[in-house]
Amino acid sequence: MTADFLVIGSGIAGLTFALRAAEHGSVVVLSKGPATDSNTAWAQGGIASVLPEGERDAGDSVESHIADTLDAGAGLCRESAVRMIVSEGAETIRDLCSHGVSFDRENGHYMLGKEGGHSHRRILHAKDTTGKEIARALVEEAKATPNLTLLEDQYVIDLITTSKLGAVAEDRILGAYVLDRASGEVRIFRADRVVLAAGGCGKVYLYTTNPDSATGDGVALGWRAGAAIANMEFIQFHPTCFYNPAAVGPEARSFLVSEAVRGEGGVLINAKGEDFTKKSDPRGSLAPRDIVARAIDRELKRTGAQCVYLDVTHKPKGFMAERFPYIHETLLKFGLDCERQPIPVVPAAHYQCGGIVTDEWGKTAVRGLYAVGEVACTGLHGANRLASNSLLEGNVMARRALQEMLRLYPPGRDASNPPAIPEWEHGDVAEPDELVVIYHNWDEIRRLMWDYVSIVRTDNRLRRAAARLKNLKREVKEFYWGHRVNPDILELRNLVAVANLIVECALRRKESRGLHHTMDYLQTDDHYLADTVIRKF
Ligand code: SIN
């Protein structure tokens, strides 16, 4: 299959790009599962944006949103990227509304929520299912757009570049090998312009707020294609994932209780009812996430408890059902009435702040390959992402990536003499017979990352993780080359690659900064005031 634009991923970044690109050429969007199954769709809180005067919180300003973002990022944000993305807040809301997204309003004005690290109310939302509303509108429009083909159940095996085919003169993107889940067939998708918008890697950890599809595919694909990767040590742990030891099924295990609940007055307490987060930061439950997650971790270790509690029992009756209907109903389904009982919560892996290095136009080190959304490292998040900045970044960067692509590689002016791409060789290999190997390795990676590479780290634990991952990588490689490809082995291959990148980055940073906290180097050290950048070749 050939297209002017190939987009990998169907969240806010991928679809914002695709819908605009379809006005300029043919677009193929590949989604690993159903198109609405993205990290975007799982976002509860909302999208941070400073609206024009008169619509914004009194005293709020773009400068204030920039300052909060820089403060959360602990010295590692690229200020020019922060300024550019945050200044586009109002335009992003206009753009999403033009696609049919509907945000909550009251008396004709947008309702504005608050989350940790924000000094003002500036989070636009659609109740507590903002991401679902965005995904609904964008997917509906994508399905009705003539120049846009949206293909589901497609697993990208690898990107194809000139250097991978042995041409060393210039490294440019040529397309991708893609496995169709239903037929088991591997097809070549040819495109001179490829956008990676495949989201993050929460599933690399045992406990995560992410959907099952978040297996780090985008970063792994970019890494193998030769793009630079940065700051993978900065994995954000969301402080309030519902703690449900009797949980069965992904929804129960990964159920997020939005930070917006704390924005509306929810308070974190321990089993004795004490507001322990105030000991770490005067902002208490509404401090930036790295601080709150560490405060919880410390409290759990100190008391030996399995969880802490998010208390909203002091809110007026009916408030939770009205403002957070999805959270309220889901908790009721699990047997908890949050208007009467505090919600048991634990931190869980939530967001990848690093990723494929891009410039302020989404450009990677490989010609024609762009990365947008969670998969990319633009410099917006630095060492810790400010809540609800990511949907904003996804929309802004997608619009900019298209602008730049049209300038540099306009459709109709394709690269001359494209090399022939060989068909995918399944070779003479058996169907995977021992699936237990895949499941065992999958579980082992996720547990070791949780035990050794989570909220609080040490060099010893990181080295242990690196040694185990080396063996796992070898085993996965043997399995990958020795068997016919299937979705499970492809995801496992990506998962182990990304786990390695996280550990490698973490081992290089000999200080504590933002989300990277190590007992061996408790202080911030400005010798490390730079991105951790690594490249395969
Ligand atoms: C939340 O609703 O707490 C998640 C928002 C975010 O991660 O930006």
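Reckoned from all heavy atoms, side chains included, excluding hydrogens, waters and symmetry mates. Whatever order the structure lists them in is the order used to number ligands and atoms, beginning at 1. Counting from 1, the numbers follow the sequence of the chain as shown.
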Under 3.5 Å: donor-acceptor pair, side chain of Arg122, backbone of Gly113:
no

Under 4.0 Å between a side-chain nitrogen and a carboxylate oxygen: does that hold for Asp297 and Lys301?
yes

Under a 3.5 Å distance rule, please check whether Asn210 uses its side chain to pair with a backbone N or O of His350 as donor and acceptor.
yes

Show me the short polar-atom pairs for ligand 1: any N or O of it lying under 3.5 Å from a protein N or O, with distances only.
unit_1: ligand 1; atom_1: 2 (O); unit_2: Gly45; atom_2: N; d: 2.8
unit_1: ligand 1; atom_1: 2 (O); unit_2: Ser258; atom_2: OG; d: 2.6
unit_1: ligand 1; atom_1: 3 (O); unit_2: His238; atom_2: NE2; d: 2.7
unit_1: ligand 1; atom_1: 3 (O); unit_2: Glu259; atom_2: N; d: 2.6
unit_1: ligand 1; atom_1: 7 (O); unit_2: Arg289; atom_2: NH1; d: 2.9
unit_1: ligand 1; atom_1: 7 (O); unit_2: Arg289; atom_2: NH2; d: 3.2
unit_1: ligand 1; atom_1: 7 (O); unit_2: His350; atom_2: NE2; d: 2.6
unit_1: ligand 1; atom_1: 7 (O); unit_2: Arg385; atom_2: NH2; d: 2.6
unit_1: ligand 1; atom_1: 8 (O); unit_2: Arg385; atom_2: NH1; d: 2.9
unit_1: ligand 1; atom_1: 8 (O); unit_2: Arg385; atom_2: NH2; d: 3.3
unit_1: ligand 1; atom_1: 8 (O); unit_2: Ser388; atom_2: N; d: 2.7

Flag this pair as yes if the NZ/CZ of Arg461 is under 6.0 angstrom from the six-membered ring centre of Tyr452 and inside a 45 degree cone about the axis; otherwise no.
no

side-chain hydrogen bond (donor to acceptor under 3.5 Å, both in side chains) with Thr92: which residues, sequence neighbours excluded?
Asn395, Arg399

Is the shortest side-chain heavy-atom distance between Phe319 and Phe324 below 4.5 Å?
yes

